[in-house]
Amino acid sequence: MTIPTPDSYELAGDDVVVPFAVEPLDVRGRAIQLGPMLDKILKRHEYPNPICHLLGEQIALTILLGSSLKFQGNFILQTQSDGPVSLTVVDFTTPGFVRAYARFDTETIDDVIASGKTSPLELLGQGVMAMTIDQGPDMQRYQGIVPLDGTSVEEAAHQYFRQSEQIPTRVRLSVAQIMRRADDGSSVETTWRAGGIITQFLPESEERVRIRDLPSGADDDEFDDGDEDDAWVEASELMDTVGDDEITDPQINSERLLYRLFNEHGVRVFPGQGVEDRCSCSREKVISLVREFGDDDDAEVKSGKREDVTTKCEFCGTVYVITADELAL
């Protein structure tokens with residue numbers, strides 16, 4: 001549907017990906033605001049606030065990218081680095097299941113927070129960000145890797161699209177902690193919100209298609225203004241006007257924000273796709289992993305000496321106690 005005014009349609013609400021198109025600019029994209037789902041993931045692990053901000057951005061980005069998959073599979077965003085936050089993993093499973101986890105050094109994080117050094121550079125340090133598309137065991141994985149060299153999550157995403165997808169892309173991400181009084185008025189509650197918008201230049205006309213064919217690994221600086229289509233320049237400039245608070249404000253919502261950005265050209269939104277916090281772990285998968293990577297050999301299993309194994313899912317916190325009988329082949 002085309003958006004005539006921001007009040008004449010039903011808003012998608014939180015935790016729903018909203019696809020859209022701005023046809024006069026040959027732009028397509030997706031927008032999302034995350035509320036209860038994100039708050040549940042971040043509070044489950046009691047992450048310090050700077051890690052909540054970092055992981056919240058990565059969750060929003062992963063959903064924006066993963067929700068574009070047209071097949072059953074997974075989109076996985078992962079960072080590995082030498083900073084206080086040594087590992088982050090966000091896993092999107094179609095059609096809309098999300099799980100996320102961050103590994104960090106507690107003592108180092110406390111020192112970092114005390115010193116106020118909580119930028120992505122200081123939290124992640126040097127390392128890489130990998131984006132993996134997994135279509136299942138019978139299909140080849142596709143993976144793109146970009147360096148983490150002091151860039152933000154947004155900038156790393158832009159670099160990924162420049163070198164891997166070669167599609168002009170702009171991403172905006174934001175995370176906020178909202179304070180509100182409880183329904184009974186007895187206390188103040190804090191909740192986490194995040195939001196994001198991705199726009200991509202996908203022209204169909206021959207005269208506009210050249211910008212999509214940048215050589216692999218090309219950097220934006222290698223091209224002068226003459227190489228950029230005016231429509232994409234305008235779309236990029238409009239994206240630059242988006243404030244962080246607008247992206248997360250529950251009173252604005254994704255559709256209202258899209259109207260603010262693109263109403264002069266006419267923006268069309270499509271049916272949204274809900275996302276939810278759901279882990280893919282299971283007892284059967286844990287048993288299989290313990291069998292595959294366990295230290296005990298077959299002789300111990302056959303002799304009955306193998307003990308029960310207790311393990312915890314890093315994503316959802318579920319504790320599994322696997323008995324020796326279950327591990328027997």
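The chain is numbered in sequence order, starting from 1.
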*Is Val309 reachable from Val319 through a run of I, L, V, M, F, W or Y residues, each pair having side-chain heavy atoms under 4.5 Å apart?*
no
Output side-chain donor-acceptor pairs under 3.5 Å for residues 43-56, partner residues at least two apart or in another chain, one line each.
| residue | atom | partner | partner atom | Å |
| --- | --- | --- | --- | --- |
| Lys43 | NZ | Asp39 | OD1 | 3.4 |
| Lys43 | NZ | Asp39 | OD2 | 3.2 |
| Lys43 | NZ | Thr190 | O | 2.5 |
| Arg44 | NH2 | Asp277 | OD2 | 2.4 |
| His45 | NE2 | Phe315 | O | 2.9 |
| Tyr47 | OH | Ala102 | N | 2.9 |
| Asn49 | ND2 | Gln177 | OE1 | 3.3 |

*Minimum side-chain heavy-atom gap Leu61-Met131 below 4.5 Å*: yes
*Using a 4.5 Å cut-off on heavy atoms from C-beta on, say whether the side chain of Thr79 contacts that of Leu87.*
no
_What I'd like to find out is whether the side chain of Phe201 reaches to under 4.5 Å of the side chain of Asp26, using heavy atoms alone._
yes
_Can a donor-acceptor pair be found, under 3.5 Å and without considering hydrogens, that links the side chain of Thr62 to the backbone of Gln58?_
yes
*asked:* Do Cys281 and Tyr320 make a side-chain contact, defined as non-hydrogen atoms from C-beta onward lying under 4.5 Å apart?
replied: yes
*Could you walk me through whether Leu69 and Ile133 pass the side chain to side chain contact (heavy atoms under 4.5 Å, CB included) test, one step at a time?*
CA-CA 9 Å; Leu69 297 181; Ile133 298 174; 4.1 Å; yes
*Ignoring hydrogens and geometry, is there a side-chain-to-backbone donor-acceptor pair from Glu255 to Val18 under 3.5 Å?*
no
*Residues Thr132 and Gln143: side-chain donor-acceptor under 3.5 angstrom*: yes
*Polar side-chain atom of Asn263 near backbone of Tyr259 as donor-acceptor pair, under 3.5 Å*: yes
*Has Glu264 got more than 12 heavy atoms of other residues, nucleotides or ligands less than 6.0 Å from its CD?*
no
*Linking I/L/V/M/F/W/Y whenever their side-chain heavy atoms sit closer than 4.5 Å, directly or via other members, would Val27 and Ile32 fall into one cluster?*
no
*Could you pull out the closest heavy-atom pair between Pro19 and Pro271, with the gap in Å?*
CD-O, 3.6 Å
*Quick one: closest heavy-atom pair of Leu121 and Gln126, and the distance?*
CD1-NE2, 4.2 Å
_Hydrophobic cluster (4.5 angstrom, side-chain heavy atoms) - remaining members for Val188_ = Met179
*Is a side-chain N or O of Gln72 found less than 3.5 angstrom from the main chain of Thr94, in a donor-acceptor match?*
yes
*Decide salt bridge (Lys or Arg N to Asp or Glu O under 4.0 Å) for Asp111 and Lys117; before the verdict, give the C-alpha distance in whole Å, the side-chain angles of both, and the deciding distance to 0.1 Å.*
CA-CA 9 Å; Asp111 292 339; Lys117 299 178 179 180; over 6 Å; no
*Quick check: does any side chain N or O of Asp134 sit under 3.5 Å from a backbone N or O of Gly73, one acting as donor and the other as acceptor?*
no
*Measure the spacing between CG of Asp15 and CG of Leu38 and express it to the nearest 0.5 Å.*
8.0 Å
*Please report the shortest heavy-atom distance between Thr169 and Gln200, naming the atom on each side.*
OG1-NE2, 3.2 Å
*asked:* Are the side chains of Asp308 and Ile322 in contact, using a 4.5 Å heavy-atom criterion?
replied: no
*Check whether any side-chain N or O of Asn253 sits under 3.5 Å from a backbone N or O of Arg256 as a donor-acceptor pair, and report yes or no.*
no
*Give, for atom CZ of Arg28 and atom CD1 of Ile198, the distance between the pair rounded to the nearest 0.5 Å.*
13.5 Å
*Is there a path of hydrophobic side-chain contacts, each under 4.5 Å between heavy atoms of I, L, V, M, F, W or Y residues, that connects Leu238 with Val171?*
no
*Taking all non-hydrogen atoms of both residues into account, name the closest pair between Thr199 and Phe20 and its distance.*
CG2-CZ, 3.7 Å
*Donor-acceptor pair between Thr93 and Asn74 side chains, under 3.5 angstrom*: yes
_Taking every non-hydrogen atom, the tightest pair across Arg30 and Leu64_ = NE-O, 2.6 Å
*Are Arg170 and Glu154 ion-paired here, with the side-chain N under 4.0 Å from a carboxylate O?*
no
*asked:* Would the distance check show the side chain of Gln159 and the main-chain N or O of Glu155 forming a donor-acceptor pair, the cut-off being under 3.5 Å?
replied: no
*asked:* Is it the case that the side chains of Gln33 and Ser254 hold a donor-acceptor pair, with the cut-off being a distance below 3.5 Å and no angle test?
replied: no
*asked:* Please say yes or no: joined through hydrophobic side-chain contacts below 4.5 Å, possibly via intermediate residues, are Val275 and Ile197 part of one cluster?
replied: no
*Evaluate side chain to side chain contact (heavy atoms under 4.5 Å, CB included) for Glu284 paired with Leu289, printing each intermediate quantity in order.*
CA-CA 9 Å; Glu284 291 73 21; Leu289 287 172; over 6 Å; no
*Who pairs with Arg99 by salt bridge (Lys or Arg N to Asp or Glu O under 4.0 Å), at least two apart in sequence or on another chain?*
Asp91
*Which value, rounded to the nearest 0.5 Å, describes the distance between Met37 atom CE and Leu42 atom CG?*
8.5 Å
*Okay, side chain of Lys40, backbone of Glu276: is any donor-acceptor separation there less than 3.5 Å?*
no
*Once you round to the nearest 0.5 Å, how far does CG of Asp105 lie from CG of Asp110?*
9.0 Å
*Going through the distances and angles, do Arg283 and Glu326 end up as a side chain to side chain contact (heavy atoms under 4.5 Å, CB included)?*
CA-CA 10 Å; Arg283 192 171 195 84; Glu326 290 176 297; 2.9 Å; yes
*asked:* Do Ile76 and Val85 sit in one hydrophobic cluster, given that two such residues count as connected whenever their side-chain heavy atoms are within less than 4.5 Å of each other, even indirectly?
replied: yes
*For the pair Leu34 and Ile63, evaluate side chain to side chain contact (heavy atoms under 4.5 Å, CB included) and give the outcome as yes or no after the intermediate values.*
CA-CA 10 Å; Leu34 297 173; Ile63 293 172; 3.8 Å; yes
*Distance, nearest 0.5 Å, that separates CZ of Arg193 from OG1 of Thr248*: 7.0 Å
_Donor-acceptor pair, distance only, cut-off 3.5 Å: does the side chain of Glu234 make one with the backbone of Ala231?_
no
*asked:* Measuring from atom CG of Leu148 to atom CG of Leu123, what distance do you get when rounded to the nearest 0.5 angstrom?
replied: 11.5 Å
*Go through the steps to decide whether Gln273 and Ser67 satisfy the test side chain to side chain donor-acceptor pair (under 3.5 Å), and finish with yes or no.*
CA-CA 8 Å; Gln273 170 64 54; Ser67 59; over 6 Å; no
_Closest non-hydrogen atom pair, Ser81 against Leu124_ = OG-O, 2.5 Å
